[in-house]
K.L.:
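Provided herewith is a single structure, encoded as structure tokens, for subsequent inquiry.
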Amino acid sequence: MCLFEMGFEEKAIKLQVKEEKACETRKICLHAFTDLTYVAPIVFLYLLKECYVHGNLKATKKFRVLQQQVHQVLCNSPQPGPATFVAYCLYILPIFGSYCEGFSHLIVSAFHRFLKTAATTGDSLEAKIIAVRLFLDIVEGSIDHDERIAVKILEVFDIKLTDIEKVASQSKAKNDGRFHSVKSFLEQYIFGFIESESYMTAVKLLEHFSIRQSWESFLVKMIEKKQFRAAEKWATFMGKPMLSMLVQQYVDRNKLKSAYLIVKKNNLQQEFPDVHHKYKESALKKLAEKACWDVAEAKANGDRQLVEYLVYLAMEAGYLEKVDELCNRYSLEGFPKTQEHEAIFLQHCFLNVNELGVEDIIWVDELNGLGKATCHIEGSKVVGLDCEWKPNYVKGSRPSKVSIMQIASDKKVFILDLIKLYNDVPDVLDSCLTHILRSPIILKLGYNFQCDVKQLAQSYGDLECFKCYNMLLDIQNMFKDPRGGLSGLAEKILGAGLNKTRRNSNWEQRPLSQNQLEYAALDAAVLIQIFYRVCDHSHTADALDEHNKIKWKSYIVSHMDSPKKSRKESRLRKEPEPEVKDSKA
């Protein structure tokens with residue numbers, strides 16, 4: 001057996017034993033592992049333990065190496081046979097204390113692997129009798145093994161109820177009165193696991209011994225304790241009636257995906273014709289709540305009933321532009337034309353740009369516009385920043401390129417078409433944004449904007465402007481528990497939230513719709529209003545009093561090129577922030 005992988009010398013394992021001043025070196029002969037003809041199980045286990053203790057690899061790696069070596073040992077014909085040898089090892093292992101559980105799993109898994117390749121062990125009958133006695137001793141508590149090992153012993157030695165009854169009958173012949181009824185004895189043992197809420201172990205034992213009890217309460221109890229895998233295993237074992245009961249339990253608890261998967265897997269469509277549709281509707285609703293409208297539409301897959309449901313979700317969310325889009329695409333009739341309805345809906349539920357004092361939303365996609373925007377922004381003391389990019393729903397793929405960047409002053413919001421400006425005038429774009437982002441006199445407000453900066457740097461890696469910034473105040477950091485994102489914060493401070501239904505729309509389409517422009521403008525402009533309200537810079541009567549002012553200056557951060565300058569200028573001091581009252585704000 002080659003143990004140099006374990007961190008030992010190839011020729012021998014050296015064990016250093018310190019006895020007072022003397023140091024004795026002993027060697028474990030590797031011959032003891034390759035030829036087990038005269039090696040007792042207890043000696044083998046001792047050697048195994050020494051290998052594990054003195055190995056210098058991580059525990060998981062050591063386990064795998066030893067598992068491989070035990071498998072090789074079993075292939076070397078240990079006496080009186082591999083199966084019997086394993087059974088004796090499992091009987092002895094509890095005396096090894098804390099090593100018992102891990103080594104038991106190691107040996108059982110190695111034996112299971114051995115059985116897959118071996119035609120026959122030649123000693124399976126004798127080994128099974130020993131394994132049955134071991135299992136019974138575990139059940140009675142005279143041998144201390146983990147419950148999972150008990151189940152694995154049953155599985156790997158293929159112990160059936162008849163095997164236990166046979167060994168039990170031999171015990172009765174010897175006047176051992178422990179077993180009046182083996183089945184009752186096992187049911188009592190299994191019931192103990194149910195009482196202790198070890199449901200998976202109980203289910204595995206019931207299934208292994210083919211003990212069928214129509215316990216509806218058992219199924220309900222597993223579901224209530226959220227032991228869904230055990231409940232599904234039990235129901236599958238019991239058959240169609242119990243599976244139907246499980247599906248109904250899932251439907252009642254609105255676990256529609258789980259219900260749908262069981263219906264599909266077990267051909268229960270006839271019994272539950274509506275589950276599939278309810279599950280699809282539930283999935284669409286979750287996507288709509290995340291504003292993933294394009295994904296939701298793809299999931300509907302042209303199913304008219306599901307598309308109509310998606311239309312209702314869009315109406316409910318106030319995304320009435322999407323209602324018109326879906327109605328036109330799928331020729332749906334009976335839905336109202338929605339532009340007036342949307343204006344009324346938004347006016348009652350969400351903030352709009354007019355309420356924030358925004359007088360102009362300016363699209364910037366060429367050189368002159370960029371120059372004018374830069375001049376205006378450089379004359380502002382406070383600006384709000386945000387950016388948008390097209391969502392990418394392909395797992396493992398890179399995020400889309402940042403499409404637009406919004407920069408808001410008190411009265412105007414400039415929306416920069418980064419994709420076009422980068423293609424047409426990259427040097428000018430770099431210079432303008434560098435002036436803005438690194439300016440020491442312009443306070444830049446963002447919401448989790450440091451993440452946006454990383455995304456900008458990844459999208460436009462050869463531009464210098466996104467690699468450094470100065471005077472950035474992340475509004476999110478000013479609050480202990482900013483629930484609901486920027487919209488939730490706006491609702492708390494300004495009295496109304498933001499309509500986020502368009503956050504995952506296609507930001508690469510040109511031209512952007514008016515609703516997209518207003519959405520983008522709001523995300524930047526609202527930061528300024530929140531800042532003024534919280535920091536008492538507004539001229540409104542309901543501004544926060546002196547006691548409730550947040551010390552916003554301590555949250556300003558900078559990230560500059562020079563390490564020395566960075567240490568001097570960068571600061572993010574965490575001070576106890578007073579809780580903002582919900583008053584009129």
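Here, residue 1 is the first one in the sequence, and each next residue gets the next number. Computed over heavy atoms, backbone and side chain alike; hydrogens, waters and symmetry mates excluded.
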K.L.:
How far does CD1 of Ile149 sit from CG of Leu154, to the nearest 0.5 angstrom?
P.N.:
11.5 Å
K.L.:
Should we say atom CG of Leu125 is surrounded by more than 12 heavy atoms from elsewhere, each under 6.0 Å from it?
P.N.:
no
K.L.:
Please confirm whether the backbone N or O of Asp158 pairs with a side-chain atom of Lys128, one donor and one acceptor, at under 3.5 Å?
P.N.:
yes
K.L.:
More than 12 heavy atoms of other residues, nucleotides or ligands under 6.0 Å from NZ of Lys401: yes or no?
P.N.:
yes
K.L.:
Kindly assign one of parallel, tilted or perpendicular to the pair Phe237 and Trp234, based on the angle between their ring planes and the thresholds 30° and 60°.
P.N.:
tilted
K.L.:
Between Asp303 and Leu306, is there a donor-acceptor pair closer than 3.5 Å when you use the side chain of the first and the backbone of the second?
P.N.:
yes
K.L.:
Kindly determine whether Leu206 and Phe218 satisfy side chain to side chain contact (heavy atoms under 4.5 Å, CB included), including the steps that lead there.
P.N.:
CA-CA 12 Å; Leu206 288 166; Phe218 179 40; 4.0 Å; yes
K.L.:
Between Lys152 and His112, do the side chains contain an N or O donor and an N or O acceptor separated by less than 3.5 Å?
P.N.:
no
K.L.:
Would you check if the side chain of Ser282 reaches a backbone N or O of Lys278 as a donor-acceptor pair within less than 3.5 Å?
P.N.:
no
K.L.:
Does a donor on one side chain and an acceptor on the other come within less than 3.5 Å for Gln68 and Arg64?
P.N.:
no
K.L.:
By the ring-ring contact (aromatic ring centres under 6.0 Å, His included) test, which pairs, at least two apart or in different chains, include something from residues 241-270?
P.N.:
Phe228-Tyr250, Tyr260-His276, Tyr260-Tyr279
K.L.:
Decide yes or no for Lys280 and Lys299: does some side-chain heavy atom of the first lie under 4.5 Å from some side-chain heavy atom of the second?
P.N.:
no
K.L.:
Any chance you could lay out the side chain to side chain contact (heavy atoms under 4.5 Å, CB included) test for Trp507 and Tyr519, step after step, and finish with the verdict?
P.N.:
CA-CA 11 Å; Trp507 293 103; Tyr519 170 90; 3.5 Å; yes
K.L.:
How long is the straight-line distance from CG of Leu93 back to OH of Tyr88, given to the nearest 0.5 Å?
P.N.:
15.0 Å
K.L.:
Return the CG to CG distance between Leu486 and Asn448, rounded to the nearest 0.5 Å.
P.N.:
10.5 Å
K.L.:
What's the shortest heavy-atom distance between Ile404 and Arg510, and which atoms?
P.N.:
CG2-NH2, 3.9 Å
K.L.:
Is the closest basic N to carboxylate O distance between Glu271 and Lys240 below 4.0 Å?
P.N.:
yes
K.L.:
Is the closest side-chain heavy-atom distance between Glu197 and Met222 below 4.5 Å?
P.N.:
no
K.L.:
Begin from the C-alpha positions of Arg148 and Ser198 and carry the test side-chain hydrogen bond (donor to acceptor under 3.5 Å, both in side chains) through to its verdict.
P.N.:
CA-CA 10 Å; Arg148 292 171 296 173; Ser198 297; over 6 Å; no
K.L.:
In a check of side chain to side chain contact (heavy atoms under 4.5 Å, CB included) between Val247 and each of Asn266, Asp252, Leu268, Leu261, which one passes?
P.N.:
Leu268
K.L.:
Taking the side chain as every heavy atom from C-beta outward, state whether Ile223 and Leu246 have any atom pair closer than 4.5 Å.
P.N.:
yes
K.L.:
Would you say the side-chain atoms of Gln406 pair up with the backbone N or O of Ala520, donor to acceptor, closer than 3.5 Å?
P.N.:
yes
K.L.:
Give a yes or no on whether the backbone of Lys390 and the side-chain of Ser400 come within a donor-acceptor separation of less than 3.5 Å.
P.N.:
yes
K.L.:
Quick one: does NZ or CZ of Arg304 land under 6.0 Å from the six-membered ring centre of Tyr330, within 45 degrees of the ring axis?
P.N.:
no
K.L.:
Hey, is the main chain of Ala83 close enough, under 3.5 Å, to the side chain of Asp123 for a donor-acceptor pair?
P.N.:
yes
K.L.:
Can you classify the ring geometry of Tyr52 versus Tyr99 as parallel (below 30°), tilted (30 to 60°) or perpendicular (above 60°)?
P.N.:
perpendicular
K.L.:
Can you find a pair of side-chain heavy atoms, one from Ser459 and one from Trp389, that are under 4.5 Å apart?
P.N.:
no
K.L.:
Should the pair Asp294-Lys322 be classified as a salt bridge under the 4.0 Å nitrogen-to-oxygen rule?
P.N.:
yes
K.L.:
Check whether any side-chain N or O of His208 sits under 3.5 Å from a backbone N or O of Val203 as a donor-acceptor pair, and report yes or no.
P.N.:
no
K.L.:
Closest approach of Ala296 and Leu284, non-hydrogen atoms and distance?
P.N.:
O-CD2, 3.1 Å
K.L.:
Assess the pair Phe135 and Phe157: is the distance between their ring centroids shorter than 6.0 Å?
P.N.:
no
K.L.:
Measuring from Leu489:CG to Met478:CE, what's the distance to the nearest 0.5 Å?
P.N.:
9.0 Å
K.L.:
Ser142 side chain to Asp137 main-chain N or O, any donor-acceptor pair under 3.5 Å?
P.N.:
yes
K.L.:
Tell me, do Trp293 and Leu310 make a side-chain contact under 4.5 Å, heavy atoms counted?
P.N.:
yes
K.L.:
How about CD on Gln188, more than 12 heavy atoms from neighbouring residues, nucleotides or ligands closer than 6.0 Å, or not?
P.N.:
no
K.L.:
Atom SG in Cys89, atom CG in Leu74: separation rounded to 0.5 Å?
P.N.:
8.5 Å
K.L.:
Using 4.0 Å as the upper bound for N to carboxylate O, is an ion pair formed by Lys160 and Glu165?
P.N.:
no
K.L.:
Judged by atom type as modelled, is there a donor-acceptor pair below 3.5 Å linking the side chain of Gln516 to the main-chain atoms of Asn506?
P.N.:
yes
K.L.:
For the atom pair OG (Ser98) and CZ (Phe103), what is the distance rounded to the nearest 0.5 Å?
P.N.:
9.0 Å
K.L.:
Within the supplied structure, the quantity of interest is the number of heavy atoms (other residues, nucleotides, ligands) at a distance under 6.0 Å from Arg229 CZ; does it exceed 12?
P.N.:
no
K.L.:
Just jot down the salt bridge (Lys or Arg N to Asp or Glu O under 4.0 Å) partners of Glu281, sequence neighbours excluded, or say none.
P.N.:
none
K.L.:
Locate the shortest heavy-atom distance separating Met242 from Ala235; write the atom from each residue and the value.
P.N.:
CG-CA, 3.7 Å
K.L.:
Side chains of Cys387 and Gln455: does their closest heavy-atom pair fall under 4.5 Å?
P.N.:
no
K.L.:
Before giving the answer on side-chain hydrogen bond (donor to acceptor under 3.5 Å, both in side chains), spell out for Ser403 and Glu388 the whole-Å C-alpha distance, their side-chain angles and the decisive distance to 0.1 Å.
P.N.:
CA-CA 6 Å; Ser403 177; Glu388 307 291 346; over 6 Å; no
K.L.:
How far apart are the C-alpha atoms of Asp452 and Tyr447, what are their side-chain angles, what is the distance that settles it, and do they pass the side-chain hydrogen bond (donor to acceptor under 3.5 Å, both in side chains) test?
P.N.:
CA-CA 9 Å; Asp452 288 348; Tyr447 191 89; over 6 Å; no
K.L.:
Is the shortest side-chain heavy-atom distance between Cys451 and Phe449 below 4.5 Å?
P.N.:
no
K.L.:
Evaluate whether atom CG of Asp144 has more than 12 neighbouring non-hydrogen atoms of other residues, nucleotides or ligands under 6.0 angstrom away.
P.N.:
no
K.L.:
If we ignore hydrogens and angles and just use 3.5 Å, is the side chain of Asn76 paired with the main-chain N or O of Gln72 as donor and acceptor?
P.N.:
yes
K.L.:
Is the shortest side-chain N to carboxylate O distance from Glu155 to Lys204 below 4.0 Å?
P.N.:
no
K.L.:
In the structure I gave you, are the side-chain heavy atoms of Ser244 and Phe272 within less than 4.5 Å of one another anywhere?
P.N.:
yes
